[in-house]
Amino acid sequence: MQKKHYELVILGGGPAGLSAGLYAARARLDHALIEKGAHGGQVLLTDWVDNYPGFPEGISGFDLIDKMAAHAKRFDLNSLMAHVNRVDLEDHKRKRLILDDSSEIGCDALIICTGASANTLNVPGEQELRGKGVSYCGTCDAPFYRNMHVTVIGGGNTAIQEAEYLTKFASRVTVIHRREELRATKIVQEIAFANNKIDFIWNSQVTSIEGKSGVEALNLIDKDGNTSTLPVEGVFILIGVTPNNEALPLDLLQADKWGFIPTDIETRTSIPGVMAAGDIRSKAVRQIVNAAGEGATAVLAAETYLQSLK
């Protein structure tokens with residue numbers, strides 16, 4: 001049911017949003033969870049989740065989100081499908097969400113769970129083999145690549161730290177970087193250079209990912225135009241993530257230089273009554289499990305704020 005005003009609006013229906021929705025519904029708050037499409041966010045693009053507590057055999061990303069949504073709906077989650085064009089927080093006592101059709105939804109408290117999207121290479125084979133050898137998270141998927149040769153695309157801290165982590169499982173990790181030196185901090189570089197399971201291909205880019213049922217090889221081109229083929233069994237594309245913040249007033253929320261929203265430990269932003277949870281938060285770790293925890297924390301913070309208004 002859509003109304004013009006709610007005590008609490010949750011913007012986004014990924015793990016953080018659904019967790020917040022569960023807590024809000026169980027607390028019998030006057031709430032709405034707004035999602036522009038299907039619940040799930042990036043998790044829907046994850047073939048298999050093997051590190052979420054409670055599923056010892058693992059679970060597909062689709063099934064995990066389906067269970068999260070069903071759990072929240074059991075407590076009468078009020079979920080609305082709508083596209084929010086703009087979030088107006090100029091007056092924090094009169095928070096407004098302006099929809100594509102120019103209608104508005106107001107709220108006393110807002111939890112932003114709009115998430116982030118992994119940056120992609122946009123090369124042939126990438127989309128087709130996503131979840132079948134193409135991954136965007138080494139911490140999530142490393143155990144699937146025991147004793148295999150994998151590649152890491154990228155040169156920042158995350159890419160190199162993930163490459164180091166992958167060596168605990170893979171037989172060999174090849175880092176492919178488009179420049180002739182890494183962007184990672186010196187200490188991170190030193191650790192990687194000292195690891196004899198990591199090698200590097202410099203000044204090169206991936207032009208396509210080959211394979212039928214899984215990744216079999218990468219086609220590369222270097223800065224001089226020379227092409228080559230590298231046989232591999234997995235590729236980790238770690239070239240950053242982009243926050244889904246198009247509708248948000250980034251100046252008021254004091255977004256960091258990448259566009260993520262900083263909060264305190266209780267997920268409160270710089271604006272009273274506005275929380276942020278999940279991958280949209282400015283933080284180091286972006287995992288399903290901590291997104292879900294942040295969603296719960298955000299509702300508890302929202303309840304405290306709502307109590308202060310009475």
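Note that this is a predicted model, so its numbers are computed, not measured.
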Stacked cation flag Arg286 on Phe260, 6.0 angstrom / 45 deg: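 Geometry flag: set, cation within 6.0 Å and 45°.
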Would you indicate whether the side-chain heavy atoms of [Y] and [X] approach each other to under 4.5 Å?
X: Glu266; Y: Thr297; answer: yes
X: Thr151; Y: Val206; answer: no
X: Val299; Y: Ile111; answer: yes
X: Leu77; Y: His31; answer: yes
X: Val241; Y: Pro243; answer: no

Sub-6.0 Å ring centroid separation between Phe193 and Phe200: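 Yes.
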For residues 53-73, which side-chain N or O atoms pair as donor and acceptor with protein atoms under 3.5 Å away, sequence neighbours left out?
{"unit_1": "Ser60", "atom_1": "OG", "unit_2": "Asp63", "atom_2": "N", "d": "3.0"}
{"unit_1": "Ser60", "atom_1": "OG", "unit_2": "Asp63", "atom_2": "OD2", "d": "3.2"}

Of all the heavy-atom pairs spanning [X] and [Y], show the shortest one and how long it is.
X: Lys197; Y: Ser171; value: CE-O, 3.4 Å
X: Ala277; Y: Ala298; value: CB-CB, 4.3 Å
X: Ala25; Y: Phe75; value: CB-O, 3.3 Å

Among Thr267, Thr263, Asn290, the one residue meeting side chain to side chain donor-acceptor pair (under 3.5 Å) with Arg281: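 It is Thr263; the other options fail the test.
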Glu162 side chain vs Thr139 backbone, donor-acceptor pair below 3.5 Å: yes
Atom CZ of Arg178 with >12 non-hydrogen neighbours under 6.0 angstrom: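 Open.
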